[in-house]
Amino acid sequence: GRVPAAPALRAGLALGVLALVLQGLRGWLTSKRYEFTPAEIAQLARHHAGLDHELAFSKIIVELRKKHPGHILPDEDLQWVFVNAGRWMGSMCLLHASLTEYVLLFGTAVDTGGHSGRYWADISNTVISGTFQQWKEGTTRSEIYYPGDTIVHQAGEATSVQWSAGTWMVEYGRGFIPSMLAFALADTLFSAQDFVTLFYTLRVYAKSLLLEANAFFSTLGC
C-alpha cells in the first residue's frame, strides 16, 4: 500500500513548480502597468447610457481611439461574434485585448441567462440599455441593474446571470485573460459545436494580441 517514492517525488515537484509559476504570475499581474482602468471605462459608458446602443457604441469607440491610439482595433477588424457560455448566448465585439486586459461591447437581442463563470480576472460591466439581473453565490435574493449601472465581478466569484432582450453593455476585464478562454469557448466547442464562431473568436483575439505587440515594439523604437 506504500506509494512509490519516484512518482510521489515527481508529483511533489510538479506541484511546487506550479505554485511558483502561479505566484510569479500573480506578482506580474499586480505590478504591471495597465493601459485602461475600470473607472475610466465605466465613466465613458455611463456618459452614453440610455442612448440607442448602436449610437452609444460608435461614440465610445471614437473616444477610446482618441485616448488610446494604437490600442483599439481598426474598423475592418471589428466584428460581432456570438458567445455561448454557461448555457447563455450573447454577442461581443472585441475592441482591445492583451494577455492581461480587454475591452469589449457585449449584449443580447433575446432573453438569456445562466452561469457567470468563475475567472482569474476582475470584470466590470456598465449597462447601456436594457436590464441585467444577477444572483450572487451564497445569497437568496437577486439584484437588477439598469442603464448607467456598473456591475463588478471579482476574480473567483460565481453568480447566476440573466439579460433581458435588448440589453447591451461595455465590459472591461483585468487578469490573466487566456485563462478565461476555456469557459468562454466550452459551449461553443462541445455543445453548439459552432466551429465558425470558434474561429472568429480566436482570430479576433489573435489580431488584438498582434496590435498590442506592435504598440509595444513601437514604444521600444522611440
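On a predicted model such as this, the values are computed, not experimentally measured, just so you know. Side-chain atoms are counted along with the backbone in the values below, which use heavy atoms only and exclude waters and symmetry mates.
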Atom CD1 of I151 and atom CD1 of I123: how far apart are they, to the nearest 0.5 Å? 12.0 Å
Not counting sequence neighbours, list each pair that qualifies as a salt bridge (Lys or Arg N to Asp or Glu O under 4.0 Å) and has a residue in residues 115-126. R118-E137
At their closest point, which heavy atom of A121 faces which heavy atom of M180, and how far apart are they? CB-SD, 3.8 Å
May I ask whether V81 and F199 are part of the same hydrophobic cluster, defined by side-chain heavy atoms of I, L, V, M, F, W, Y residues being less than 4.5 angstrom apart, directly or through others? yes
Side chains of Y205 and L209, heavy atoms from C-beta outward: is any pair under 4.5 Å? yes
Looking only at heavy atoms, the pair that brings S116 and H153 closest together is OG-CE1, 3.2 Å
Using modelled atom types only, decide if a donor and an acceptor are shared between the side chain of T159 and the backbone of V161 within a distance under 3.5 Å. no
Side chains of Y200 and Q79: do they bring a donor and an acceptor to under 3.5 Å? no
Quick one: CG on D194 to OG1 on T197, what's the gap to the nearest 0.5 Å? 3.0 Å
For residues T126 and D149, determine if any side-chain heavy atom of one lies less than 4.5 Å from a side-chain heavy atom of the other. no
Side chains of Y102 and E171: is there a donor and an acceptor less than 3.5 Å apart? yes
Hey, does F190 have a side-chain heavy atom less than 4.5 Å from the side chain of L185? no
What about W120 and F183, are their ring centers closer than 6.0 Å? no
When clusters are formed by joining ILVMFWY residues with side-chain heavy atoms under 4.5 Å apart, either directly or through shared neighbours, do I144 and W135 land in the same one? no
Q133 and S142: side chain donor to acceptor below 3.5 Å: yes
What is the ring orientation for F36 with H96, classed by angle as parallel under 30°, tilted 30 to 60°, or perpendicular over 60°? perpendicular
Between atom OG of S208 and atom NE2 of H71, what is the distance when rounded to the nearest 0.5 Å? 12.5 Å
Which atom of T112 lies closest to which atom of M89, heavy atoms considered: OG1-N, 3.0 Å
From CA spacing to verdict: side chain to side chain contact (heavy atoms under 4.5 Å, CB included), L44, K67: CA-CA 11 Å; L44 177 59; K67 192 167 183 182; over 6 Å; no
Regarding Y172 and R174, is there a side-chain donor-to-acceptor distance under 3.5 Å anywhere? yes
Would you check if W80 and L105 make a side-chain contact, meaning some heavy-atom pair closer than 4.5 Å? yes
Spacing of S179 atom OG and L99 atom CG [to the nearest 0.5 Å]: 10.5 Å
Identify whether L104 and V62 are in the same connected component of the hydrophobic contact network (ILVMFWY, side-chain heavy atoms under 4.5 Å). no
Might you work through the ring-ring contact (aromatic ring centres under 6.0 Å, His included) test for F106 and W163, ending with a clear yes or no? CA-CA 11 Å; F106 176 82; W163 297 268; 5.4 Å; yes
Taking atom OH of Y145 as the centre, does the number of heavy atoms from other residues, nucleotides or ligands within less than 6.0 Å exceed 12? yes
Heavy-atom closest contact (R87 atom, D187 atom, distance): N-OD2, 2.9 Å
Locate the shortest heavy-atom distance separating L73 from V204; write the atom from each residue and the value. CD1-CG2, 3.8 Å
Between atom OG of S191 and atom CG of N84, what is the distance when rounded to the nearest 0.5 Å? 7.5 Å
Does F82 reach the side chain of T188, with side-chain heavy atoms less than 4.5 Å apart? no
Quick one: NZ on K66 to CD1 on I61, what's the gap to the nearest 0.5 Å? 13.5 Å
I'd like to know if L95 and L181 are part of one continuous hydrophobic network [Ile/Leu/Val/Met/Phe/Trp/Tyr, side-chain heavy atoms within less than 4.5 Å]. yes
Which pairs, with at least one residue in residues 38-50 and sequence neighbours excluded, count as a side-chain hydrogen bond (donor to acceptor under 3.5 Å, both in side chains)? E40-H68, R46-T150, H48-E63
Would you please name every residue forming a side-chain hydrogen bond (donor to acceptor under 3.5 Å, both in side chains) with S160, sequence neighbours left out? none
Passes side chain to side chain donor-acceptor pair (under 3.5 Å), S164 versus T131? Steps please. CA-CA 6 Å; S164 62; T131 58; 2.8 Å; yes
Find out if a path of hydrophobic residues (ILVMFWY) with successive side-chain heavy-atom gaps under 4.5 Å connects L78 to L55. no
Shortest non-hydrogen separation from P147 to I128 and the atoms involved: CB-O, 3.5 Å
Please determine whether the number of non-hydrogen atoms from other residues, nucleotides or ligands lying under 6.0 Å from atom CZ of R203 exceeds 12. yes
Residues I41, V170; criterion side chain to side chain contact (heavy atoms under 4.5 Å, CB included); working and verdict: CA-CA 8 Å; I41 301 300; V170 181; 3.7 Å; yes
Please indicate whether K207 has more than 12 foreign heavy atoms, meaning atoms of other residues, nucleotides or ligands, lying under 6.0 Å from its NZ. yes
Do the side chains of R65 and D75 get close enough for a salt bridge, i.e. N-O under 4.0 angstrom? yes
